[in-house]
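The structure appears right after this line, and notes come after that.
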Amino acid sequence: MGVQQYDEIGEAFEGFKSLPLMRYGEVPSFLGLVGDVRGKSVLDLACGTGFYSREFKRRGATDVFGVDISVEMIAAARDFEQRDPLGVRYEVGDVAELRPLDRRFDIAVGVQCLNYAEDLAAMRRMCRNIHRSLVPGGEFFVLCQKPDYRFDCPSLDKYGFRCEPTGEETETGPRARVTALLQPQPISIVAAVPRREVYEECLRTSGFSEVEWVPLQVSEAGIREFGEDFWADLRAKPPLEMLRCRA
């Protein structure tokens, strides 16, 4: 479902991170959730163009390995690495069919990853493969569409995005179209919005424990930039949520 969409986007995907929801919501929230990575190894699943991979390496991670199913996304990530060498490794790969890796990692991250599972069986395979790739006690951090989001944030556009149900239902949950309101050309992506119990069941049956949902926050920089009132709708009806669990 996701491969062709992302192959067509390529390096333009980096532009997502400049939009208010990403810049002042997703990015600082997710980095804050993952926390201190100094001296740790990080597996970045569905790494896209390597935005978080590069950030974790800059923050002191010893080994960062990014995997994405899109050939074009990995090509863009490797191009960034060539222009600004940090020592991040990248590989084209499907998380649902992830090969046994040459090491186990301290941390795995999946930003908009598990929601691309075609069905429950694929999500379970993803979770098992991720669990297998972590050291005992290693942590897995997820950022995803909020499972019970009602597509009712009244001013989501001003945060740089549009999120609409397609009317289709998958085995894991409803399908949604997310549009990044980039200039000069908006970019739309369609993916499932798995139900909360689907995430929890797939993770727990794969061996993960301490599954905890964590709300998105707005950074102090975002409040200084736009003011408290600007963020009121997003805080009341956030379209994104995070979770953490332990192998």
Side-chain angles (χ1 to χ4, degrees), residues 1-2 5-6 8-35 44 46-56 73 76 109-116 141-168 173-196 199 212-244:
M1 180 168 60
Q5 299 179 100
Y6 283 96
E8 291 171 356
I9 296 170
E11 195 168 313
F13 187 64
E14 285 284 304
F16 280 48
K17 297 298 188 286
S18 67
L19 299 171
L21 174 58
M22 301 290 101
R23 185 174 181 183
Y24 298 115
E26 178 201 300
V27 173
S29 292
F30 193 66
L31 291 174
L33 179 70
V34 176
D44 187 0
C47 68
T49 54
F51 175 88
Y52 283 108
S53 299
R54 297 192 302 276
E55 191 62 33
F56 291 130
M73 286 287 174
V109 299
V111 174
Q112 304 291 12
C113 172
L114 298 179
N115 51 315
Y116 285 101
F141 300 93
V142 175
L143 185 136
C144 58
Q145 294 295 119
K146 186 174 182 180
D148 46 11
Y149 181 59
R150 298 184 181 276
F151 306 97
D152 58 352
C153 181
S155 58
L156 192 59
D157 284 27
K158 74 179 182 182
Y159 307 119
F161 285 85
R162 190 170 297 137
C163 189
E164 311 156 293
T166 67
E168 302 167 279
R175 194 168 288 179
R177 178 180 294 102
V178 176
T179 302
L181 302 176
L182 296 167
Q183 296 295 332
Q185 182 65 46
I187 294 173
S188 291
I189 297 168
V190 175
V193 184
R195 297 180 296 277
R196 198 174 296 273
Y199 280 111
E212 176 191 3
W213 290 93
V214 181
L216 202 75
Q217 304 292 330
V218 175
S219 70
E220 289 298 322
I223 294 169
R224 286 195 302 271
E225 178 76 18
F226 293 101
E228 291 275 1
D229 291 347
F230 176 85
W231 299 104
D233 291 337
L234 183 71
R235 284 171 157 170
K237 298 178 178 179
L240 301 174
E241 196 166 6
M242 306 179 294
L243 66 79
R244 65 190 305 164

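Only heavy atoms go into these numbers, but all of them, side chains included; no hydrogens, no water, no symmetry mates.
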N115 to P194 - nearest heavy-atom pair and separation: CB-CD, 3.6 Å
F51 vs D44 side-chain heavy atoms within contact, under 4.5 Å: no
Please list, one pair per line, the donor and acceptor atoms closer than 3.5 Å that link side chains of residues 20-31 to other protein atoms, with sequence neighbours excluded.
residue: E26; atom: OE2; partner: Y52; partner atom: OH; Å: 2.5
residue: S29; atom: OG; partner: G25; partner atom: O; Å: 2.8
residue: S29; atom: OG; partner: Q217; partner atom: N; Å: 2.9
residue: S29; atom: OG; partner: Q217; partner atom: O; Å: 2.9

Euclidean distance, L143 CG relative to L114 CG, rounded to 0.5 Å: 11.0 Å
Point-to-point distance, once rounded to the nearest 0.5 Å, from CG of L234 to OH of Y159: 5.0 Å
Which residues share a side chain to side chain contact (heavy atoms under 4.5 Å, CB included) with R224, sequence neighbours left out: E220, A221
Within-4.5 Å side-chain heavy-atom neighbours: P239 and K146: no
All side chain to side chain contact (heavy atoms under 4.5 Å, CB included) counterparts of Q183, not counting sequence neighbours: none
Where V190 and Y116 come nearest, the two heavy atoms and their spacing: O-CE2, 3.8 Å
Residue pairs passing the side chain to side chain donor-acceptor pair (under 3.5 Å) test where at least one lies in residues 233-244, sequence neighbours excluded: E139-R244, S155-D233, R196-E241, E228-R235
Other residues, nucleotides, ligands: >12 heavy atoms within 6.0 Å of D229 CG: no
Results of side chain to side chain donor-acceptor pair (under 3.5 Å) for E225 - residues two or more places apart only: none
Separation of F161 CZ from L156 CG (nearest 0.5 Å): 8.5 Å
Beyond-backbone contact of K17 with T49, side-chain heavy atoms, under 4.5 angstrom: no
Residue pair K158 / F230, side-chain heavy-atom distance below 4.5 Å: yes
Taking every non-hydrogen atom, the tightest pair across S53 and C47: OG-CB, 3.9 Å
Beyond-backbone contact of T179 with I187, side-chain heavy atoms, under 4.5 angstrom: no
Residues V214, L243; criterion side-chain contact (heavy atoms from CB on, under 4.5 Å); working and verdict: CA-CA 5 Å; V214 181; L243 66 79; 6.0 Å; no
Non-hydrogen side-chain atoms of C144 and Y199 separated by less than 4.5 Å: yes
Side chains of L181 and R162 in contact at under 4.5 Å (non-hydrogen atoms): yes
For V193, all residues meeting side chain to side chain contact (heavy atoms under 4.5 Å, CB included), sequence neighbours excluded: Q145, P174, A176
Residue pair F16 / I189, side-chain heavy-atom distance below 4.5 Å: yes
